[in-house]
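Everything below concerns the one structure shown next.
Keep in mind that what you see is a predicted model, and the values were worked out from it rather than measured. Naming: A, B, ... by sequence-line order, numbering from 1 per chain.
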Protein chains: 2
Amino acid sequence: MEIAQRAASGRKRMSRAEREQQILGVAEEVFATRGYQATSMDDIARRVGLSKPMLYEYFGSKEGLLLACLERVRRELLEATTSAAAANAGDPERQLHDGLLAFFRFGEEHKQSWALLRTESAVVGAGLDTELEGFRTQQAEFTEEMLRVALPNTDPARLEAFAEAIIGACERMALWRENRPEITPERVTEHLMALIWPSLSAEVAAAHRAYPASHDQG
Amino acid sequence: MEIAQRAASGRKRMSRAEREQQILGVAEEVFATRGYQATSMDDIARRVGLSKPMLYEYFGSKEGLLLACLERVRRELLEATTSAAAANAGDPERQLHDGLLAFFRFGEEHKQSWALLRTESAVVGAGLDTELEGFRTQQAEFTEEMLRVALPNTDPARLEAFAEAIIGACERMALWRENRPEITPERVTEHLMALIWPSLSAEVAAAHRAYPASHDQG
DNA sequence: CCAGTAGGCTACTACTAGTAGGGTTACTTA
DNA sequence: TAAGTAACCCTACTAGTAGTAGCCTACTGG
């Protein structure tokens, strides 16, 4: 009877790694479409074709499951932007441009993953020493590093501020163009570049005037 | 007995308007410090010194209560930024500068209110036609309008994009400087202005070259 | 062929959002 | 001053969900 039931419902034994990925896929979809709060663990379990205690076995808590989903998405996003930028080492303008473009393309091509990131605030602040926080920090640090290369003589605090500002601008713009198919990733990148690049170029000159030695002679 | 109990617990009749404000004050504090999810309606009711059904009488649901809190905060923030900018009509640079400064000062002076806005995503998307959505839109429109005056010949879509980018930058920077007392509102404003104002100035010139007539002769 | 372990389950508990239905106080109107 | 009424407020419930206890079962290696 039990065996028949299991066979009928299509449940099958799986290795831990497989199951984890399967669960993450389902959870990502459900969290993204229905929202974190409106989704119950029973619901996810049912869709996976598994019982609730298994979710707890693998992810510890509902928050832990969301965290795992977010970590996966953040890693993908970081990977997409860094590799796009890395392809243009030595040309700061193109580096920045292509990094931004990769960001907006990611939002377009992985709408569901992107939507998930909006639920991030539901869990940020809970555990600040999580791996997720690490990816968030890395995204900021990577941006900052890119700016440091372009503006070698600029006040470090200012570089940090610029990096945060750019990331904030990206996030909000990605949200803004979500329901506007006419605003392509290319166009929104162009807008953002128009807003910041002339300033950054000017900053190079200003920093250069402030500390000419290190650049001319170093 | 019932009367004695009520007197002992300090409960007192109040007009609806008074109670609403009292509840909003308590809810704002608790939501901001503990987070939306971790807060129970029973908890808020206990702190107010009232029973749970009254909260539902006044605000309909837990989400409704959060929404009411957020609306109040958004209104205050919008009021702060618009009035700061309005004081400098005719000088776009100062207008923008003072608007940003007012934003960051608001974050500093109303830490609790600002922290609350981070829970916004818990409720945004639920009801998009709420009053809250109205305030969010107004903030963007106000910024856009300010830019339109400064850059009269710029593509409207670009203005919209700039406004969204600036607001996104503000929000993220406010978050960033939350735990850094050394980064004053003045400094963060200066950083952001350094990132965008040179570009905006250049944009004036570019748009001017593109459509000189309307500016020179209109 | 027989442990041992890893994957899995049913059946609970505790807590919280939201409601039903009724009591009490203050203000109005005669 | 005495209904009458409306607004404020309560206790005591229901429904549903996060999380757990304790047991079962299928594959693995000897």
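- Distance CG (A:Leu55) to P (C:dC9): 10 Å, rounded to an integer number of Å.
- Distance CD1/B:Ile166 to CG/B:Leu100: 7.0 Å, rounded to 0.5 Å.
- Here B:Glu79 does not pair with B:Arg75 in a salt bridge; the nearest charged N to carboxylate O distance is not below 4.0 Å.
- In this structure, A:Glu57 atom CD and C:dG8 atom P are separated by 10 Å, rounded to whole Å.
- When the P atom of D:dC9 is taken as reference, atom CZ of B:Arg46 falls 18 Å away, rounded to whole Å.
- Rounding to the nearest 0.5 Å gives a distance of 6.5 Å between CD of B:Glu71 and CZ of B:Phe135.
- The CE-C1' distance, from A:Met41 to C:dT13, rounds to 17 Å in whole Å.
- When the nucleotides D:dC8, D:dG19, C:dT10 are ranked by their closest atom to the side chain of B:Tyr58, D:dC8 comes out on top.
- Both the sub-6.0 Å distance and the 45° axial angle are satisfied by A:Lys62 relative to the ring of A:Tyr36.
- Checked against C:dA17, C:dC9, D:dC9, the side chain of B:Met54 finds its nearest nucleotide in D:dC9.
- Between B:Leu65 atom CG and C:dT16 atom P the separation is 16 Å, expressed in whole Å.
- The nearest whole Å value for the distance from the CD atom in B:Glu20 to the C1' atom in D:dA7 is 13 Å.
- Distances shorter than 4.0 Å separate none of the side-chain N or O atoms of B:Tyr36 from OP1 or OP2 on C:dA17.
- In terms of polar N and O atoms assigned as donor or acceptor, the side chain of B:Lys52 comes within less than 3.5 Å of the base of C:dG18 in a complementary pairing.
- Judged by closest nucleotide on DNA chain D, B:Arg16 is the one of B:Pro53 and B:Arg16 placed further toward the 5' end.
- Regarding contacts with the backbone of C:dA6, every side-chain N or O of A:Arg19 stays at 4.0 angstrom or more from both OP1 and OP2.
- Between the P atom of C:dT16 and the CG atom of B:Asp43 lies a distance of 9 Å, rounded to the nearest Å.
- Regarding B:Lys62, its NZ atom lies at a distance of 9 Å from the P atom of C:dT16, rounded to whole Å.
- Closest to the side chain of B:Tyr56, out of D:dC9, D:dA18, C:dG18, is C:dG18.
- Looking at heavy-atom distances under 4.0 Å, B:Phe59 makes no contact with the nucleic acid at all.
- A centroid separation of 6.0 Å or more is found between the aromatic rings of B:Phe104 and B:Trp114.
- With C:dA17, D:dC8, D:dT17 as the candidates, the nucleotide lying closest to the side chain of B:Ser40 is C:dA17.
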